[in-house]
Amino acid sequence: MAFGTRIETWYEGAWHAGNLPILGAADHGTWLGTLVFDGARTFEGVTPDLDLHCIRLIRSANAMGLAPQETAEEVEAIAREGIARFDGEDLYIRPMMWSREGAPGMIAPDAESCTFALCIEALPMPPANGLALTVSSFRRPRPDMALTEAKAACLYPNNGRMIAEARRMGFDNALSLDAEGFVAETASTNAFLVRDGHVCTPRPNGTFLNGITRQRVMALLGDVGHPVEEASLTVDDFRAADEIFLTGNASKITPVTRFEERDLQPGPVTAQARALYWDYAHGRL
Ligand code: PMP
């Protein structure tokens, strides 16, 4: 989907303007959904943790059974070259890998046919307005049910129906539960709660993305005396929270200002997490 105002794509050794066609009609990845991707962001002239996003792309490709021809360092260098082609706008940076060919038996990818493209879209950072969160009726698959260890495009239709359901109910996003009924994450971010000054977030159990922003925020809060506890959290824990905030590459730290029918204020820990992240991103720590 082209959502940016300007798009530049690295493909087969060159930069191309616009929403470049990159998938062949007979590509294995087109047919059977083996595409993995990652998302990094430039805002206010900085691109925090770009290296980690590139490392995760390679890990996702390996989990998908692909043999990337590029290293994480090479992907990062291409991303930096692409960022320099823009004029300081906020950017969404999306490296992608997929299989062109199938292995014998056709369903598994031919690892060596792994193909790479990197798309950068000019995309302003959204304002930090709070958002309204509900609870999804759709669950997260366990690692023995889906390839949850990869950031794979084929996982996202489940997230898409979570968002669509939430929007139909008048909300922006939804908490989703794992197969055991514990909160996993939202359809597009990780989730944190604060109660009596104590910060908690779901413990990674393979059912959701252990986000790069999540891990960054945990480290930053821990450094200033707000250790974040990873725990098996229920919806009732979120109902009892003083603050709820979400983390993810695209918007960084977003306060939740309504959870189900309850209004919430953006609280002091959320504000501190956001301020710390900005300081980190700008190299002020
Ligand atoms: N969960 C999901 C489903 C996501 O799509 C994202 C965004 N990549 C996140 C969590 C947050 O991860 P990160 O902080 O690494 O962007």
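Read the numbers this way: they start at 1 and go in the same order the structure lists the ligands and their atoms.
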Query - By side-chain hydrogen bond (donor to acceptor under 3.5 Å, both in side chains) - contacts of E243 (at least two apart) - result: T270

Go ahead and list the nitrogen or oxygen contacts between ligand 1 and the protein that come in under 3.5 Å, distances to 0.1 Å, or just say none.
residue	atom	partner	partner atom	Å
ligand 1	1 (N)	E185	OE1	2.5
ligand 1	5 (O)	K151	NZ	3.3
ligand 1	5 (O)	Y156	OH	2.6
ligand 1	8 (N)	K151	NZ	2.8
ligand 1	14 (O)	I212	N	3.4
ligand 1	14 (O)	T213	N	2.9
ligand 1	14 (O)	T213	OG1	2.6
ligand 1	15 (O)	R56	NH1	2.9
ligand 1	15 (O)	R56	NH2	3.0
ligand 1	15 (O)	I212	N	2.8
ligand 1	16 (O)	N249	N	2.9

**Report entry** Partner residues of E74 under the salt bridge (charged side-chain N to carboxylate O under 4.0 Å, His left out) criterion, sequence neighbours left out
**Finding:** none

Quiz: residues 124-137 side-chain donor-acceptor pairs under 3.5 angstrom, not counting sequence neighbours:
residue	atom	partner	partner atom	Å
S136	OG	F138	N	2.9
S136	OG	E165	OE1	3.3
S137	OG	E165	OE2	2.4

Query raised in the report: Under 30°, 30 to 60°, or over 60°: which ring-plane class applies to F245 and F192, parallel, tilted or perpendicular?
Result: parallel

Report task. Would you verify whether the NZ or CZ of R258 falls within 45 degrees of the ring axis of F171 while also being under 6.0 Å from that six-membered ring's centre? Result -> yes

Query raised in the report: Got a salt bridge between R216 and D49, using NZ or NE/NH1/NH2 to carboxylate O under 4.0 Å?
Result: yes

